[in-house]
Amino acid sequence: MPRPLMNNRSNDVTWTGRTTGSTSPARTKVLDGRRSARYLKALRALDGSGKLATADVDELVGAVHREFAEKFCTTPLGIVSRCYLGAPYEVHTLALDGSIISHYRAGEPLPHGMDRARSLAESERYLAIEVYPDRLMCVRPDGSTVLLESAR
């Protein structure tokens, strides 16, 4: 007896309404072009002295949010970049949900899935790494970007 080409069991397929268009999961719109001079200046200020006043942090976070809002793009979960405060610090993060700037020692885990950006952030090739749920955007000192998507 010939075997069927398709398994027709109803519990193997889940229909989600629309049958046209892309079948891939919904993706967020990520700003993939060159970053503005204003944004790069804000990122460089992040590690200026290790101590920023609350008003300075709010201004920095505002500059980051404006960069993405002006182009109707998703704001990253956070930003990881190399820390120039010296030993024992390696990288620092800017968590955009709560405007938290933290400096991390070698081997200290980073929060919110930002640990996957650590080795890239330690490189002098990148000014910062923007962390999204499904990808990383590497920002070079000249503002150009490199997109790295995860294999999820």
### Residues forming a ring-ring contact (aromatic ring centres under 6.0 Å, His included) with Tyr39, sequence neighbours excluded
Phe68
### Message
Please give me the minimum heavy-atom distance between Gly78 and Met114, naming the atom from each residue.
### Response
CA-SD, 3.8 Å
#### Entry: Contact summary for Thr75 and Tyr132, nearest pair of heavy atoms
C-CE2, 4.1 Å
#### Entry: Test item: Arg35 side-chain N/O and Glu67 main-chain N/O as donor-acceptor pair under 3.5 Å
no
#### Entry: All side chain to side chain contact (heavy atoms under 4.5 Å, CB included) counterparts of Ala121, not counting sequence neighbours
Val80, Val91, Ile129
### Task
Would you mind reporting whether Thr145 and Cys138 have side-chain heavy atoms less than 4.5 Å apart?
no
### Task
Please report the closest heavy-atom contact between Leu77 and His112, naming both atoms and the distance.
CD1-O, 4.4 Å
### Message
Between Glu124 and Arg140 (salt bridge meaning N to carboxylate O under 4.0 Å), is one present in this structure?
### Response
no
### Partners meeting side-chain hydrogen bond (donor to acceptor under 3.5 Å, both in side chains) with Glu122 (sequence neighbours left out)
none
#### Entry: Test side chain to side chain contact (heavy atoms under 4.5 Å, CB included) applied to Arg125 - qualifying residues, sequence neighbours left out
Ser123
### Task
Give, for atom CD of Glu130 and atom CG of Leu94, the distance between the pair rounded to the nearest 0.5 Å.
11.0 Å
### Query
For Arg66, which residues count as a side-chain hydrogen bond (donor to acceptor under 3.5 Å, both in side chains) partner, sequence neighbours excluded?
none
#### Entry: Audit row: Glu149, Asp134, side-chain contact (heavy atoms from CB on, under 4.5 Å) steps and yes/no
CA-CA 6 Å; Glu149 293 185 337; Asp134 58 348; over 6 Å; no
### Message
Going by the rule side-chain hydrogen bond (donor to acceptor under 3.5 Å, both in side chains), which residues pair with Arg118 if we only count those two or more places apart in sequence or in a different chain?
### Response
Glu90, Asp115
### side-chain contact (heavy atoms from CB on, under 4.5 Å) between Ser81 and Leu127, intermediate numbers included
CA-CA 6 Å; Ser81 57; Leu127 178 62; over 6 Å; no
### Query
Who are the side-chain hydrogen bond (donor to acceptor under 3.5 Å, both in side chains) partners of Ser102, not counting sequence neighbours?
none
### Message
How close do Ala128 and Leu43 get, counting heavy atoms only, and between which atoms?
### Response
CB-CD1, 3.8 Å
### Query
For Pro88, which residues count as a side chain to side chain contact (heavy atoms under 4.5 Å, CB included) partner, sequence neighbours excluded?
Arg105
### Query
When rounded to the nearest 0.5 angstrom, what is the spacing between CD in Glu70 and SG in Cys73?
11.0 Å
### Task
State, with a plain yes or no, whether a side-chain heavy atom of Thr93 is found less than 4.5 Å away from one of Ile79.
no
### Task
Would you mind reporting whether Val139 and Leu40 have side-chain heavy atoms less than 4.5 Å apart?
yes
### Query
What are the two closest heavy atoms between Leu120 and Tyr126, and how far apart are they?
O-CD1, 3.6 Å
### Task
Could you check if a side-chain atom of Arg135 sits within less than 4.5 angstrom of a side-chain atom of Leu148, using non-hydrogen atoms only?
no
